[in-house]
Amino acid sequence: MTTLSSLNLTKRQVKKLKERGIYSIEQLTKISGEELVVNYRYTNNSVRQISLALQEIGFSLKKSAIDVANLVTVDALIKTHLLPNIKVYSSFFLNEMWDTYFIEFNGKRYIHQDNIPRIKACIIESFRLKNELDAKGEPDFRVAYRWGIERSKFREEIESGIWDEFIIGKRDAVHGGETTYYFNSEALNKLEVNDLPTLTPKIPNANYSVLKEWRLKGWIVQPERYKGTRLWELSDLKKQVINAKKIAEERIGLPARLDGYAIEELVGPSISSIIEVYLEERRIGNPIIDPWFGNRYGKINDLEQHRLQLHRAIYKMICYDAEIIGYEEVNQRNTFRQLNKEEEKRFIDARHNFSIREIEKKHIDAVRRGIKSDYVWHKTASIFLKPFILWQFKNIELEVDETVERERLIFLNAKKKIRSVIEKLTFEKPEPEYKRTKVFLSREENILIFDFLKKVNTAHATAWLCGSLAGIRPEEISQLKIEYFSNPITGESWLDDDGYLKPDPRIKTFYNDDGTVDENYGYVRLFLPSRASKDQNAPSDEQLGTLIPPALVNQINKYLREEIYSVCSRRGMGYLFRRVNALHVSRLKGHYSFIYTQREKMTFLPPIKRKSLILKDARRCMNNTINRGIVNVPGINQMILLRAAQVQMRHKQNGMIGAISEVHYTEKITDAEYVAVISNTIEYPLNRKELIKWELEKGYRTPEEIPDDLKSEIFVTNAVTASSVKQGIEVAQVVVPEQAIILQNLYQDLNDEFNRLNGILLLPTRKRKQSLAELNMTADVLYEKMYELENKMNVIKREISQNRGA
């Protein structure tokens, strides 16, 4: 008799077998009176252990013996296409049949080949149910999003039973997530409390785009009880629409912008057709020559912009002829005001009599109205209007028969008029009112911008950090996908099972007070592919990837938790910035203007930075921060610092400008060097107070540079910091020498002058112009002066730091 000890079983397995009265291998092979048939090519401990595992979990051995050799791993079946990819549709295996079909052993799943047809049938049925529900109903998360209500609250209502009459079925979510309930779409659409697009067809002669416009104007208002959702009440909406129509009837008129309207509604079909002929001539590149000033106009590509500007200009000319007062006024959406009924009638009459060939200087003055900037007017006049009028003159000249005296005189008169118009459109290009400068932000300013944006929009705040901490370009943000946080070559992923970013324990730099690693704090790596990068030519480094600092990791996870995964059941894939549940459409695509609309409100920035700030400056300031970094780690020199910045910026390392030895004969930086540079330059906390402490510890800030509002909270001593111990350096107490005091006084004088000039900019328009006139300055000169002062102050800051002594 052979004992069970020869099988190397666990104590738990032995205990289970002995509870069933099995003490030897001979007894094991005779279960339920039948001998266990074993293919003797596989008579090894593994097969015997599988047999015992079957018995241990209660697998029922029938009278017909089971051939253990026919147990096949699930992964093997999927690879041979005997089963579909059941990992994706694992919800089927969450029911009670799991133990019947599958055996779990040593981390693998086994299945008997006899059960394959039955499982195939079940999976096909699961597919059928999914497709049927998708075709007939609407999932609960989509209903919640359409109505603008929280899915968690909606699910509570569903589970309470109040929506039972609308539910046509349910389906278990993939990978064991929440059950998805499907609603009868037709029944939902019949509800009288619904979203605006659903209610609009129930209102006679109503148009959804018109209702949206009326809502923006405040003519229809959502009931107070539905604020915070997208819900409206049909009976209330009908009453509001009737009132809004009355208002619209009083203010109806021709639109001065082309969005959503036919061109003929603006300037009429005859003028519109002339413009289209002109644009086609410009598209194919037929040249237009200025016979008086010698300018030559060739091929153009931006036809839409030319079409829009010409229609707007001619609209103004016709309004002038119709004697409409205030036609140049624009509303908040940057469109001309609408005409009332009387003005509309006069406009149509004037349009009927208007001829492009009879444009005079007074019409040019009419177009000039409403354009406040000389720089913008020069562009309108020289790029859009002037070549169009010259083209008209060219056509008139070709049509004239000079042998007929009357035609010749008419042409000479027309030529005289057109020349006077061309002269009025020809003038020296003025300097722009403001010339944008590149903005370089400090770490503190970056945090202040982030704090400001997250109060307005979490997605915009996250997008800003993607630029300032990961170097993602504005045009790349819309292409950023969650699955890019994995290495396509090695298969390594920085995403956990729930679809959140998972810090890499190998490169964590933050430790708790007791020396243990903080599991929620660390780096991940992004591997941005070529197809998602600028010009499809700036991917992440194949080995190093792009390091995502801990602060950005935490922010992305917060954004995923609050905005994406709260309403989306699919996790770990799709665009990071998206319309909810539309994985193929990026939310931020083409919408980088959130900085333009918010920057003037960022009063914590100097005016010169506030006026020039764009989204790309986030990436620019990251590069500047790394290049000017202080890395007190042995072996890290300036060249390694610059190359680490190149990797983070996704610039080619062999594209660095410098000596041949630096460009072609220096190896790439190592992973350890890359991490050392990033952790000492941009791994800073997103809390202003903690940032000041971090900069003091790293040597980026002196005690004298602690902001006044934080001096009472931050105490500087000559104690050695935890970071300095790791880096093998000491932090000495700071003593300011006499030279530094002189520099500080000079710095204070410059700062006072800067604040004085800044105060002029904050004055009301009339007083500001008066102050500038007294100083004999223009706004441009003032900005340049402030920019010069700011640069001088930065230089003095560095000199003060260099003159410190111990």
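Values below: every heavy atom of this structure, side chains too, minus hydrogens, waters and symmetry copies.
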| query | Do NZ/NE/NH1/NH2 and the carboxylate oxygens of Arg650 and Glu476 come within less than 4.0 Å? | reply | yes

| said: With a sphere of 6.0 Å drawn around NZ of Lys379, does it hold more than 12 non-hydrogen atoms of other residues, nucleotides or ligands? | reply: no

| query | Parallel, tilted or perpendicular: which fits the ring planes of Phe427 and Trp377, with parallel below 30° and perpendicular above 60°? | reply | parallel

| query | Given the rule in the side chain to side chain contact (heavy atoms under 4.5 Å, CB included) test, do Leu605 and Val439 qualify, once you have shown the distances and angles that lead to the verdict? | reply | CA-CA 11 Å; Leu605 292 178; Val439 175; over 6 Å; no

| Between Lys616 and Arg473, is there a donor-acceptor pair closer than 3.5 Å when you use the side chain of the first and the backbone of the second? | no

| message | Between Ser612 and Lys609 (side chain of the first, backbone of the second, donor and acceptor by atom type, cut-off under 3.5 Å), is there such a pair? | response | no

| said: Any non-hydrogen side-chain atom of Leu441 less than 4.5 Å from a side-chain atom of Leu613? | reply: yes

| task | Only counting residues at least two apart or in another chain, list the ones meeting side chain to side chain donor-acceptor pair (under 3.5 Å) with Asn687. | result | none

| field | Thr380 side, atom OG1; Tyr375 side, atom OH - distance, nearest 0.5 Å | value | 11.5 Å

| request: Could you tell me whether the side chain of Arg368 and the main chain of Ile371 form a donor-acceptor pair under 3.5 Å? | output: yes

| With a 4.5 Å limit on heavy-atom distance, are the side chains of Ile626 and Gln646 in contact? | no

| request: I would like to know whether Leu547 and Arg525 meet side chain to side chain contact (heavy atoms under 4.5 Å, CB included); could you show each step before the answer? | output: CA-CA 5 Å; Leu547 277 177; Arg525 293 187 194 269; 3.6 Å; yes

| Side-chain contact, heavy-atom cut-off 4.5 Å: Ile548 with Leu469? | no

| remark: One should read off an interatomic distance between Gln305 CD and Ile383 CD1, to the nearest 0.5 angstrom, of 9.5 Å

| query | Which heavy-atom pair separates Ile669 from Ala644 by the least distance, and what is that distance? | reply | CD1-CA, 3.6 Å

| task | List the atom of Glu445, the atom of Pro606, and the distance in Å for their closest heavy-atom pair. | result | OE2-CD, 3.8 Å

| field | Residues forming a ring pair (Phe, Tyr, Trp, His ring centres under 6.0 Å) with Phe452, sequence neighbours excluded | value | none

| request: Could you point out which residue of Phe485, Tyr559, Tyr565 forms a ring-ring contact (aromatic ring centres under 6.0 Å, His included) with Tyr500? | output: Tyr565

| message | Quick one, Asn624 and Arg628 - any side-chain contact, counting heavy atoms below 4.5 Å? | response | yes

| said: I need the Gln555 CD to Trp464 CH2 distance, nearest 0.5 Å. | reply: 14.0 Å

| task | Could you tell me whether Arg230 sits above the aromatic face of Tyr145, with NZ or CZ closer than 6.0 angstrom to the six-membered ring centre and within 45 degrees of the axis? | result | yes

| Heavy-atom pair of closest approach, residues Ala459 and Phe577 | O-CE2, 3.4 Å

| Below 4.0 angstrom, N of the basic side chain to O of the carboxylate: do Arg643 and Glu673 qualify? | no

| field | Glu444 and Ser442 side chains, donor-acceptor separation under 3.5 Å | value | no

| task | Go through Leu480 and Leu528 one step at a time and tell me if the side chain to side chain contact (heavy atoms under 4.5 Å, CB included) criterion holds. | result | CA-CA 8 Å; Leu480 188 59; Leu528 193 73; 3.8 Å; yes

| Heavy-atom side-chain contact between Thr229 and Gln222 under 4.5 Å | yes

| query | Around atom CG of Asn637, are there more than 12 heavy atoms of other residues, nucleotides or ligands at under 6.0 Å? | reply | yes

| field | Heavy-atom pair of closest approach, residues Asp504 and Trp494 | value | OD2-NE1, 3.1 Å

| request: List in chain and number order the residues that pass side chain to side chain donor-acceptor pair (under 3.5 Å) with Trp694, two or more places apart in sequence or in another chain; answer none if no residue qualifies. | output: none

| note | All heavy atoms of Val553 vs all of Gly522, minimum pair found to be CG2-O, 3.6 Å

| request: Starting at CE of Met649, measure out to CZ of Arg620 and round the result to the nearest 0.5 Å. | output: 8.5 Å

| task | Count the heavy atoms belonging to other residues, nucleotides or ligands that lie under 6.0 Å from NZ of Lys455, then report whether that count exceeds 12. | result | no

| said: To the closest 0.5 Å, what do you measure between CG (Asn627) and OG1 (Thr681)? | reply: 9.5 Å

| Hey, mind stepping through Val677 and Val647 against side chain to side chain contact (heavy atoms under 4.5 Å, CB included) and telling me if it holds? | CA-CA 11 Å; Val677 171; Val647 174; over 6 Å; no

| task | State, with a plain yes or no, whether a side-chain heavy atom of Gln648 is found less than 4.5 Å away from one of Thr546. | result | yes

| Is the shortest heavy-atom distance from the side chain of Asp541 to the side chain of Tyr674 under 4.5 Å? | no

| said: Let's go through Arg599 and Asp617 carefully: what are the C-alpha distance in whole Å and the side-chain angles of both, what is the deciding distance for salt bridge (Lys or Arg N to Asp or Glu O under 4.0 Å) to 0.1 Å, and is it a yes or a no? | reply: CA-CA 12 Å; Arg599 64 188 182 187; Asp617 289 324; over 6 Å; no

| field | Side chains of Met602 and Leu453 in contact at under 4.5 Å (non-hydrogen atoms) | value | yes

| request: Grab the two heavy atoms, one from Ser540 and one from Leu526, that are nearest each other, plus how far apart they are. | output: OG-O, 3.3 Å

| said: If I take atom OG1 from residue Thr458 and atom CG from residue Leu560, how far apart are they, to the nearest 0.5 angstrom? | reply: 11.5 Å

